[in-house]
Each structure stands twice: as C-alpha cells, then as structure tokens.
Amino acid sequence: MDPVIRAWCLLALLLPLTAAADPAVLDAQRAQVETLRQEVAGQIQLRAYDLLDELVYEWTQHPIFETDTPLVLADVSVPVGFGSGLEALVENHFVHLAIENRRTHVVLAHCPQCTAMVVHSGAKGTLVSRGADDPEVLAAAGALAASQHALYLDFEIEGSSLVLRARITRLEKALPIIYAKTLSSSTSSAALLRSGDQLKSAGEARAEYLDALQGRSAYVIPFRIGVRSYASREGAYVTSAPFVWLQVGAEAAFSQARAWTGSVSAGVSWSPQTHEGVMVQGRLSRLLSGSVSSLTHPDLYGFLGASLIYVRGSDALAFSDVAPSIDNLASQLKGTPPTATFAAFQFGLELRVKNRLGVGVFLEGAPALDDAQSIGDHLDLGLLKFQALGAEVSVCF
Amino acid sequence: MALFLAFLLVTPLPALVSRADDPAPGIWQTRSDARGLECRTLDQETAHGLYPARVPDLAARRRSDPSSVLVCTRRILGDQERPPRDEAILSDLTRTVEALTQAAALRVPKGITWEVDAFYPSPQVGAKIAVAARTELVEHGHSVSDRVPVLAPGDLSVIHALPAEQAYPLACARYFAEHALTDQEAFLGLMILDPRETQLHAGICTQGQWRWIQ
Amino acid sequence: MRPRRSRGQLAGLLAVLVLISGCVTVYQPLVSLQRPVAIDPGLPNFEGQRVLVRCFPGEYLDAQEATTLCKHVRRLFTNQGAQVTAVVPRGAVSVATDAKPDRPDLIIDLQARLLQEDNNGLLWIVSGLSLTLIPAITDTTFAQDVTIRDADGALLLSDTLQGRFVRYFGFGTWAVNATLDVLVREPSEKLTGDVAEHDFSRDFYRQLSQLAFHARMRDRVMHGFPSSPPAHAQPGTHP
C-alpha cells in the first residue's frame with residue numbers, strides 16, 4: 001500500500017479515538033446543542049407569529065365584538081419545555097397586531113390584578129388563584145372596571161405542527177368561554193407573505209405563493225459568455241490561446257422545484273486571423289444546494305455536459321496530433337486553413353441567482369485530444385483527463 | 001492504485017447523490033434525523049396541491065396512472081427533548097381530544113354547560129390537555145365554563161388515597177354534594193390511569209354520577 | 001502496454017469486488033413506529049394476563065414468516081409475564097373465542113401488507129455492468145395492522161404501523177457506508193450490519209407492547225375495573 005495512504009488511514013482512525021477523550025469537544029457539543037435549541041426556539045417564534053397573524057386577520061373579517069371592547073391579555077402559554085422569553089415575544093407581537101388592526105374592535109386593557117395571584121379566604125377555606133380565574137374577588141377589589149373579558153393564548157408543539165388555541169372568557173362568576181379557536185401551523189401560510197399591518201388571508205397568501213412559483217417559467221433562454229483555457233504540453237511548438245465562446249440556447253426545468261434542468265445551446269468563437277469556431281452543447285444540471293430552487297438565496301448546480309466543437313484557423317493546429325510542419329504553413333498561406341473537430345465532455349458547478357444570473361466553472365475533457373502534440377492536461381485522473389479549464393457567465397431570459 | 005481506490009469510492013456517488021432527497025438514513029441523513037420525521041403517503045395530485053414547488057403536477061396523459069408521493073415533515077422537537085409520555089400525548093393532542101370530546105358530548109343532553117379538567121402527573125401538560133378540550137367543545141358549539149370544580153382539603157385527602165376506579169366516582173358525588181356542580185352542568189375529566197400509558201381516558205360527571213367514556 | 005502481472009492483479013481485484021458485493025439495508029419508520037413509548041418491555045407489564053396472538057399470512061408475509069413473527073411476539077409477551085398462545089390461522093377465523101375456562105383476556109391480530117415496492121430492473125442491469133459499483137436499489141414500504149380485541153370480540157384498539165426498508169445491493173455502496181461507519185459515524189448512527197433489523201425489531205416490539213397495554217387498560221375501564229391492578233403498578237393522578 002502507498003505509504004501516503006497508509007499514513008492518512010492511520011490518522012483518520014486515530015481521530016475518533018482522540019476526539020472522544022477531549023473535554024473541550026464535550027463543551028463544544030453542549031454549545032452546539034444549545035445553539036440548536038435556540039434555532040428551534042427561533043423557528044417556533046416565527047410560526048407563532050404566523051398563527052397570531054391568522055387569528056387577528058380572522059377577527060378583522062369577523063369581529064367578535066360589535067364595538068370597541070376592552071380585552072385583557074390574561075395569559076400566554078408557550079410549549080412545554082420553553083421559557084418566558086418566548087412568552088414576551090409572542091405578547092409583544094400580539095399587542096402590535098391589536099394596535100395596527102382597529103377593525104377587530106379589540107382594545108387591549110391593562111389589568112395587573114387579573115394576572116396576579118390572589119388569595120381569597122371564606123367559609124369554605126382559602127383559595128389561591130390568579131385574579132382572572134376568580135372574578136368575584138376582582139369585582140370586590142374593583143379591578144373589573146378595566147375589562148370584562150380576558151384572552152388566553154396557548155401554544156403547543158404537536159409533532160411537526162405548532163398549534164395555537166385562543167379563547168376569550170367573560171369575567172363573571174360562571175366564567176363562560178365566549179370564543180375559542182384552534183389554529184395549526186400545518187395549515188397556515190408562510191410568514192414570507194405577510195406583514196403585521198397588511199394582514200392577508202391564508203388563501204390570499206397561498207395565491208401569492210403560487211404566483212411567485214409560476215412566475216418562474218419552466219423554460220428560459222440562457223446567454224453565456226465563457227472562456228476555455230487549454231493546458232499546454234511541455235515542449236510544444238504551438239500553444240493554444242484561451243477561446244472565448246458566446247453561447248445561446250434553451251433550458252428547461254423538469255419540475256417547479258427546478259431540481260433538474262436540461263439545456264441545449266449553440267455557440268460561436270471568433271478571434272481575428274486566428275480562429276473561428278462553432279459548438280453545440282447539451283447539458284444536464286442538478287441542484288446541489290437543496291431540493292427546491294430558492295426564491296431568496298443563490299442556488300448551486302452541478303452539471304455534466306457534452307459538446308461537439310469545430311475550430312478553423314491557425315489555432316486549430318494546437319489540437320492536431322501531429323507536429324506542425326512546413327506543409328501546414330504552406331496550406332494556410334494558400335488559403336486552406338487548418339481545422340479541428342472533436343467531442344468533449346464538461347463537469348462543473350454553476351451558481352445561479354433567481355434563475356437570472358449565473359456564474360460557473362468547469363473542467364472539460366476531450367478524449368480526441370489525448371494525443372494532441374500541443375495540448376496537455378490540467379487534471380489527469382488516469383481513466384479521465386481534463387484538458388481545459390473554463391469559466392462562464394450566463395444571463396437568462 | 002490510489003486512483004483506483006478513489007475511483008471505486010467515487011463511482012457509486014452519482015447513484016447516491018440522486019437519492020439526496022430520500023428521507024431514509026444514508027449518506028445525507030443520519031438515523032436519528034430520519035426518526036425525527038413524520039411521513040405519510042399521498043397521491044401525486046394531492047401532494048402537488050399541498051407542495052406545488054416540490055411535487056410536479058400530474059401530466060394530463062398520466063392522470064390514469066398517478067404516482068404516490070412520500071411526504072415527510074420534520075418534527076419540531078427531537079427525541080428525548082421532552083419525557084416520552086408527555087411527548088406522546090402532546091404530539092397527538094388535537095386528535096385525541098377531538099375524539100374524547102365528541103364521545104362525551106353524545107352522552108349528555110344539549111344545553112348543558114361543561115367544565116373540564118385534566119389529571120396528569122405534570123401540571124403543565126395537564127393544563128394543555130384541559131385547554132385543548134375546552135377549546136374543542138366551544139368550537140363545536142357547546143357551552144363551556146373556564147371554571148374548575150374544587151373540593152375541600154378533607155375530601156381531597158380521602159380521595160387521593162383511593163384507587164382511580166373509586167376516586168373519580170367519589171369525587172363526582174362530592175362535587176354535587178358540595179354544590180360545586182349543578183344539574184345544568186357536566187364535568188369532563190381527562191386522565192391517565194397508569195404511568196405506563198400514553199393514552200388518555202375520559203369520564204363524565206353528571207348529576208352526581210360518574211361514567212367512564214374510554 | 002501494461003505488464004501482465006498488473007493486469008492479472010486488476011482482474012483479481014475486480015473478481016473479488018463481485019464476490020464480496022453486499023447489501024446495505026436502511027430502515028425508516030414512517031407512521032407510528034417512531035412514536036414515544038412509556039412502557040418498558042423488560043418489565044412484567046402483563047402479569048397474569050392470557051393473550052392470544054394470531055399472525056395472519058398474506059402477500060407480504062408467507063406462512064413460514066408469519067410463524068416466525070408469532071414466535072417472537074409470543075416471547076415478547078411471555079417475557080412481560082403473560083400466558084401467550086400464538087396461532088397462524090389459515091382461512092377465516094371468528095372474531096371472538098369460545099367460552100372456555102382459559103379464554104384469553106386479549107386477542108392480538110397481526111396482519112402485514114405490502115404498500116409499495118420499487119425494484120428497477122434497468123438498475124440491476126447497470127449494477128451488473130458496473131460490477132456492482134453502482135448499486136441496485138429495492139425500496140419497500142409495508143404496513144403492519146394491529147387489532148386487539150377482548151375475549152368477546154369487542155374491538156379495544158386498532159392501529160397501523162408503517163415503515164420502509166431501502167436495500168442497496170452492491171460493493172460500491174457497501175464500501176462507502178463501511179468507510180463512513182469506521183471513520184466518521186458515531187456508533188449509534190452506523191448503517192452496515194444488521195442495524196436495520198435491530199432498529200425495526202426494537203420499534204415494533206415496543207409499539208406492540210404499548211398498544212397491548214393500552215388495550216388492556218381500556219378493557220379494564222370499559223368492564224368497570226373487574227380485577228385489582230398488578231402489584232407493581234403505580235396509581236395515576238386523582239382529582
């Protein structure tokens with residue numbers, strides 16, 4: 001076995017053993033768990049905001065009260081296992097929604113006695129409860145002047161959904177629940193399409209989402225400008241200058257997700273007095289940066305392609321598998337320029353932004369150039385050789 | 001030789017990359033990640049309606065031969081983040097409470113006012129169960145009070161010493177004896193009877209009589 | 001021109017690749033198999049209970065496999081203190097059992113169904129041509145229906161457990177995963193070996209125990225708590 005490989009294998013085997021014994025790694029793992037928990041809390045916060053938006057939107061469409069009515073936010077319960085930080089964020093967001101949407105006829109009232117613990121002693125014993133749970137005590141304390149209604153918001157994680165249960169209770173002895181609603185994040189729409197002061201229904205948000213998707217046509221026309229640089233062989237008489245290609249073609253996505261795309265294109269290359277070239281190319285791309293192309297982030301595609309290239313002019317001599325001779329030069333002087341035709345395959349990466357702009361790099365190999373006197377290899381993997389290194393910029397319409 | 005070994009390891013990668021979307025454990029997903037998914041199989045048309053960006057529309061010519069789509073969503077909380085029993089009950093809370101409240105409502109005449117409470121080792125989880133049941137009943141048009149009937153400390157100390165099959169009927173009788181519940185009110189109790197359970201039981205207390213629903 | 005000795009080594013290595021081509025099977029719980037459980041199958045949760053287990057053969061499990069399943073399930077509940085009778089029915093069976101002194105307290109019916117199987121013949125050809133460097137993939141989704149009744153045939157509980165096995169056949173996938181198992185993955189995340197079978201068995205038996213316990217508790221509630229609870233059980237909460 002190659003000694004270099006042996007050393008790497010040994011090092012790789014040793015790494016897990018040494019990592020297990022390191023307390024610094026344990027601390028890093030704990031920090032990572034805490035970071036993950038904060039990420040989860042962040043995701044829950046956004047979903048909770050969505051659900052509150054949907055609740056308040058429904059109140060704007062079907063108000064619970066006919067006139068402006070004081071309402072005490074009696075309790076916000078977060079999912080089991082989460083703390084008061086999330087409660088405060090949810091409460092703030094709800095207050096913002098209530099202020100921005102007067103059509104709900106909900107006027108938030110301040111009632112500290114409603115949320116405080118009260119102790120009431122009577123003939124039957126001493127009862128400790130929150131103020132809102134014992135309206136008689138609140139009435140005796142004169143605290144019910146602020147509001148006759150209390151709102152309770154309860155959030156809970158049920159599998160992959162966040163569920164909001166909202167209820168409004170009238171603060172009288174019987175504590176009747178006059179309104180209750182259950183909303184689940186599995187049926188709500190993404191926060192992306194809502195803002196607190198311009199609420200929209202789930203149906204409207206979904207329609208906008210579909211419009212955004214369908215605005216991404218399955219077919220685009222890419223224009224590409226690319227440069228191919230061929231490696232030089234040692235001792236070559238003729239070296240090849242970089243080829244600049246201009247390509248135009250058609251690209252199709254196989255689904256709305258744009259996870260797979262295919263394109264065909266034709267290209268030309270021209271350099272005065274040195275070469276003219278034409279190329280046809282087919283390419284298959286696969287999205288690497290996810291399973292769906294993003295509406296907000298650049299997408300990274302990997303692609304495989306095949307080309308047929310025809311070059312005419314003195315630059316074509318570089319692709320010949322015989323050394324240049326006097327005969328070649330004589331032919332050229334007589335007006336019969338040298339030509340070269342060969343097939344090539346490409347393997348590369350392209351970063352695409354909103355399916356409009358793209359930047360790519362690739363390696364190209366042409367088996368026919370293995371014996372070319374002037375062309376060397378940028379990368380030789382034994383079975384596969386890549387003679388050209390390329391970069392391109394594309395604009396899609 | 002090194003290149004050959006590298007070639008052996010690299011050649012299967014395209015086949016494996018094509019399975020990058022597969023939620024099953026593999027190169028792209030660990031076993032614990034795969035267990036954090038809730039999966040169901042939908043027909044392609046339904047799946048396209050729910051996830052238009054990720055599931056292609058069924059082409060017209062293939063409507064007679066639809067494919068099925070495995071739709072997986074990630075659970076918000078991972079394994080072991082909450083105690084297993086709490087997680088099992090909370091994960092299925094909506095469905096469970098819906099079934100229990102529907103069964104309860106069928107056994108009681110209309111116009112009755114409901115009071116609901118849950119009896120569970122964790123008070124936090126118990127509160128969630130009770131809130132879910134109250135909300136479900138109100139949404140189905142029933143009259144529900146946010147009150148919970150309470151008993152005197154002496155009654156509670158006796159009841160706590162009894163097994164469940166005796167405790168709940170006795171508590172129900174005491175509710176009415178102490179006028180914590182009236183004839184126009186019904187009490188729905190949700191509870192577990194054994195710590196090895198992850199299912200809820202329910203019973204109704206009406207006019208001093210306790211009946212088990214499930 | 002390569003020396004003959006090197007060519008011979010290469011041919012030998014390729015032959016070894018074909019001969020040692022192996023499978024990597026991965027298991028994914030889909031519905032209910034990954035549900036949290038509160039019961040410990042190592043404890044006597046069914047002490048004094050008589051349980052009848054019926055494993056119905058079908059398109060997914062033949063009679064031999066159903067017999068093996070029944071054997072394992074019988075051991076599962078025997079270890080938890082139950083007196084178990086396991087039967088592989090052939091033909092129609094009645095829902096209830098006859099009124100004999102040893103009537104079972106619970107009747108557990110198990111039936112497996114094949115929901116979906118993807119096995120592309122073209123991929124097998126490509127796999128063969130690439131000497132199994134490109135894997136052949138078999139993707140199977142199954143459902144296990146669990147129905148539990150009391151001795152009178154009244155339905156106590158019914159549930160469906162769904163899971164998926166993906167089998168990669170070929171040296172390439174086995175080599176990649178074996179390398180990752182040795183160099184990268186934690187022991188709890190390894191994929192090669194019989195990990196898939198272990199995971200599925202653990203999930204299935206735990207879920208089955210939990211469902212049976214639920215059925216037992218429902219039976220007690222609906223029949224008005226006919227017998228005293230087991231000695232080791234702790235009471236739940238009370239009002």
* Atom of B:Val97, atom of B:Ala133 and distance for their closest heavy-atom approach ->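 Nearest pair, atom of B:Val97 first, then B:Ala133: CG1-CA, 3.5 Å.
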Can a salt bridge be assigned to the pair [X] and [Y] using a cut-off of 4.0 Å between side-chain N and carboxylate O?
| X | Y | value |
| --- | --- | --- |
| B:Asp146 | A:Arg167 | yes |
| A:Arg47 | A:Glu158 | no |
| B:Arg75 | B:Glu87 | yes |

Among [options], residue most engaged with chain B (heavy-atom pairs, under 4.5 Å):
| options | answer |
| --- | --- |
| A:Ala174, A:Pro176, A:Ser77 | A:Ala174 |
| A:Asp154, A:Ile44, A:Val163, A:Thr169 | A:Asp154 |
| A:Arg170, A:Lys173, A:Lys181 | A:Lys181 |

Measure distances from [X] to the heavy atoms of chain A and classify the residue's part below 4.5 Å as side chain, backbone, both or neither.
| X | answer |
| --- | --- |
| B:Arg82 | side chain |
| B:Thr135 | both |
| B:Thr94 | both |

Picking from [options], which has the most non-hydrogen pairs under 4.5 angstrom with chain A?
| options | answer |
| --- | --- |
| B:Glu136, B:Gln124, B:Glu38 | B:Glu38 |
| B:Ala127, B:Ser145, B:Gly78 | B:Ser145 |
| B:Gly36, B:Ser143, B:Ala132 | B:Ala132 |
| B:Asp92, B:Asp86, B:Leu93, B:Thr73 | B:Leu93 |

* To do: Output, in order, the C-alpha distance, side-chain angles, deciding distance and verdict of side-chain contact (heavy atoms from CB on, under 4.5 Å) for B:Trp114 and B:Thr101.
  => CA-CA 10 Å; B:Trp114 287 93; B:Thr101 54; over 6 Å; no
* Have a look at A:His149 and tell me which of A:Ile64, A:Leu171, A:Ile178 forms a side chain to side chain contact (heavy atoms under 4.5 Å, CB included) with it. =>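 Filter result, single survivor: A:Ile178.
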* Taking atom CD of B:Gln102 as the centre, does the number of heavy atoms from other residues, nucleotides or ligands within less than 6.0 Å exceed 12? ->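 Yes, the 6.0 Å shell around CD holds more than 12 heavy atoms from other groups.
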* To do: Under 4.5 Å heavy-atom distance to chain B, tell me which part of A:Tyr179 shows up: side chain, backbone, both or neither.
  =>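 Backbone of A:Tyr179 only, per the 4.5 Å heavy-atom cut-off to chain B.
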* Do A:Ile157 and B:Leu90 come within less than 4.5 Å of each other through their side chains, counting heavy atoms only? ->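 No, their side chains stay 4.5 Å or more apart.
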